[in-house]
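Below, read A as the first sequence line, B as the second, and so on, with proteins coming before strands; counting in each chain starts at 1.
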Amino acid sequence: MKVVLPDNSELELPAGATGLDAARAIGPKLAEQAVLVRANGRAQDLRLPLQDGEPIQILTIRDKDDPDALAVLRHSSAHLLAEAVTRLYPGVRLAIGPAIENGFYYDFDFPEPIREEDLEKIQAEIDRELAEGREWVRQEVSRDEARELFSSDPYKLELVDTAEGDISIYTQSHDGVGNFTDLCRGPHLQDSKPIKALKLTGLAGAYWRGDSSNPQLTRIYGTAFYAQKDLDAYLERIEEARRRDHRHIGPQLDLFHFDEHSPGSPLWHPHGMVIWNELERVRRRENAKRGYLEVRTPIIYDADTFWTSGHFPKYEDLMFKVDVRGQQFAMKSMNCPGHMLLFGSRLRSYKELPVRFAEPAPLHRDELPGTLHGLLRVRIVTQDDAHIFCTEEQIQDEIAGCVAYARYLYELFDMKASAELATRPDNKIGTDEQWDHNEAALETALALNEIPYTLAPGEGAFYGPKIDLFMDDALGRKWQMGTIQLDSQMPHRDPDRAFRRRLPVLARAGAGAGAAGRGGARRAGADPRASAARRGLPGRGRGAKRDDRQANPGGRAREDPRDRRLRRPRERREPRGARARRRAIDPRAFRPPRQAC
RNA sequence: GCCGGAGUAGCUCAGCUGGUAGAGCAACGCCCUUGUAAGGCGUGGGUCGUCGGUUCGAGUCCGACCUCCGGCUCCA
């Protein structure tokens, strides 16, 4: 058989030859330095056979910046970590240990919790392994053999059962030491020599398979490079980014600060307001150019409003509630309710359409403490939020307009946009034709604007697909910025019947949408509460409300407002933890930002 | 929320096994007048995150809480 080399020359090989065989055929030095073969564009273990006629590229230790070459180095590093931990902590159970963007991690289930100090010990053990050296041997096994091998490792067993294709294992050892075997798809290095720098960087809790209903594991992070100076440069880059952290610079420049008396809510200083007002000016100017009509609606609405809008069934725990003379109100976490009330305040003619309402209102969200992060994840956000009421025929143009607007903003701030297109979920309402049409409209808009996106199948809201826009920060963390959501089902939930016919609503948030949630758990059902809400159809909210009232008659005891003034600020209304227990949910699974109404 | 870390003067931090708080920078005062990464001398400044407990005595030990930092997506 033949394979094609990068210079387009052909290499003749015996049938079943592997990447390593190909390297050997070219030269001994190449074979020695090879770490990976890219076959047909895909990273492949050197030990695996090549296909006849496919183009290949041998990556070596000199391709030290190649993402695939780094990934194989780091994945092998993760296995060294696993070996060290297995030796140091008898009884530990192994979960998974992939390479990630800037390093690798391995998830463990420790019999006893470990602390940060333990990392030093583990690091020393890994350093010893590196000094001894390790070679990796790949073996293919049957599913039954794999189950036998990992019979005491529940996580590995689950992986065996859910794995696609053949099962492989890797054993790492050298001169009889090590001898650590792990279930692994590969690819791996030939041996540990290319790992010139390996550093454990952190410790964190992480749920098995990213699902909060699963046990929490202990994740150990690390990174590795083909050269010590690359590790040094990486650490220096992290340091530099830290020095430029807006959370330090902001207060230093007297722009804003945070106070523990209102966690997650910046206090803007005079200098900061100069920037704020400039952003406002840009927002007004650009909105005006695009035909948005500025409106202003209340911050606080009664519970009825939020049951109808669907916020309460889904997001009640993340909204600030206000008790007004015994009646429950809440602070809006999105502008939709006000805009719906405004649009529905009189009968509208389709000749008015499209109507684009924009509102720069402060929105309040009771984000969980562990998720707050400077100005990027806050409890109060003023975003350029808008709702567009239009006809089915106008959808495509309006969406394209929204995406183009988003692109304009990203370019204005010199940010690289990336997007996620979330499509129909299982509990969707509306017809397939409608969804086909709407998803296509979103996709077309993204393509027209050349914004790279990934598909998130099944992640759309039950009422329509959406586009979430992201930015990366200096440390490579992803933050959700804007969103564009299409709701073709609004009339179903509109109690006031302001619509004579079914009218789609487009909800979009652009500049200033800084409080967006991070891309959390992707898996549907990760949040039991949210998925339950998704199952509920529009209109069921009212029933749910009655149930809720019965379950919780009267709610919290009322208090005299005068008492409130007298009360010392630190005093709490209820036992600590009661509230936390009530909302035992996975914060990441919750995508608070802007589920439209 | 969960896991790990942290909370001592405006800032950066030290304070080991408990005995009533320190440094550098900043600020302020005086001196020097010195051409742009830190001239000299001196002074003031801390309920050691909050509440409670142990103790003759707690920044230091125990408990609860608050806030902040890293992480909880990258699928054997």
Discussion item. To the nearest 0.5 Å, what is the distance between CZ on A:R379 and OG1 on A:T371?
Written reply: 7.5 Å
At 4.0 Å (heavy atoms only), tell me whether [X] reaches a base, stays on the sugar-phosphate, or touches nothing.
| X | value |
| --- | --- |
| A:G165 | nothing |
| A:S168 | base |
| A:G202 | nothing |

[options]: which one has an atom nearest the side-chain heavy atoms of [X]?
| X | options | result |
| --- | --- | --- |
| A:H75 | B:G5, B:C72, B:A76 | B:A76 |
| A:A204 | B:U67, B:A76, B:G70 | B:G70 |
| A:R209 | B:C75, B:C74, B:C69 | B:C75 |
| A:E260 | B:G70, B:G4, B:U67 | B:U67 |
| A:P263 | B:C72, B:U67, B:G70 | B:U67 |
| A:L183 | B:G5, B:A76, B:G70 | B:A76 |

Need the pair for [N]. Rule: Watson-Crick or G-U wobble, both distances under 3.5 Å, any strand; none if unpaired.
| N | result |
| --- | --- |
| B:A38 | none |
| B:C32 | none |
| B:A27 | B:U43 |
| B:U67 | B:A6 |
| B:C61 | B:G53 |
| B:A21 | none |

Worksheet item: Under 4.5 Å between any side-chain heavy atoms of A:M334 and A:R365, yes or no?
Response: yes
Fill in: Close side-chain approach of A:R38 and A:D66, heavy atoms under 4.5 Å
yes
Worksheet item: For the ring pair A:H373 and A:W479, is the centre-to-centre distance below 6.0 Å?
Response: yes
Worksheet entry | A:F225 six-ring centre to A:R74 NZ/CZ under 6.0 Å and within 45° of normal | yes
Worksheet item: Which residue, A:H373 or A:E117, contacts RNA chain B at a nucleotide closer to its 5' end, judged by nearest heavy atom?
Response: A:E117
Item to complete: Give, ordered by number, those residues of residues 95-115 of chain A having at least one heavy-atom distance below 4.0 Å to an atom of RNA chain B; if nothing qualifies, reply none.
Response: A:I96, A:I100, A:Y105, A:I114, A:R115
Worksheet entry | Members of residues 44-51 of chain A that approach RNA chain B, where some heavy atom sits under 4.0 Å away | none
Worksheet item: At their closest point, which heavy atom of A:E420 faces which heavy atom of A:Y453, and how far apart are they?
Response: N-CB, 4.4 Å
Discussion item. If I compare all heavy atoms of A:I467 with all of A:A419, which pair ends up nearest, and what's the gap?
Written reply: CG2-CB, 4.0 Å
Item to complete: Answer yes or no: does a side-chain N or O of A:R477 lie under 4.0 Å from OP1 or OP2 of B:G71?
Response: yes
Worksheet item: OP1, OP2 of B:C72 versus side-chain N and O of A:Y221: anything below 4.0 Å?
Response: yes
Worksheet entry | Pairing residues for A:S262 by the side chain to side chain contact (heavy atoms under 4.5 Å, CB included) criterion, not counting sequence neighbours | A:S265
Worksheet item: Hey, what's the ring geometry for A:H364 with A:F320, parallel, tilted or perpendicular (30° and 60° as the breaks)?
Response: perpendicular
Worksheet item: Among A:R134, A:E83, A:Q172, A:E129, which one satisfies side-chain contact (heavy atoms from CB on, under 4.5 Å) with A:V177?
Response: A:R134
Practice prompt. Taking atom P in both B:A37 and B:C32, compute the distance separating them and give it to the nearest angstrom.
Written response: 24 Å
Worksheet item: How close or far is atom P of B:A76 from atom CG of A:D182, stated in whole angstroms?
Response: 11 Å
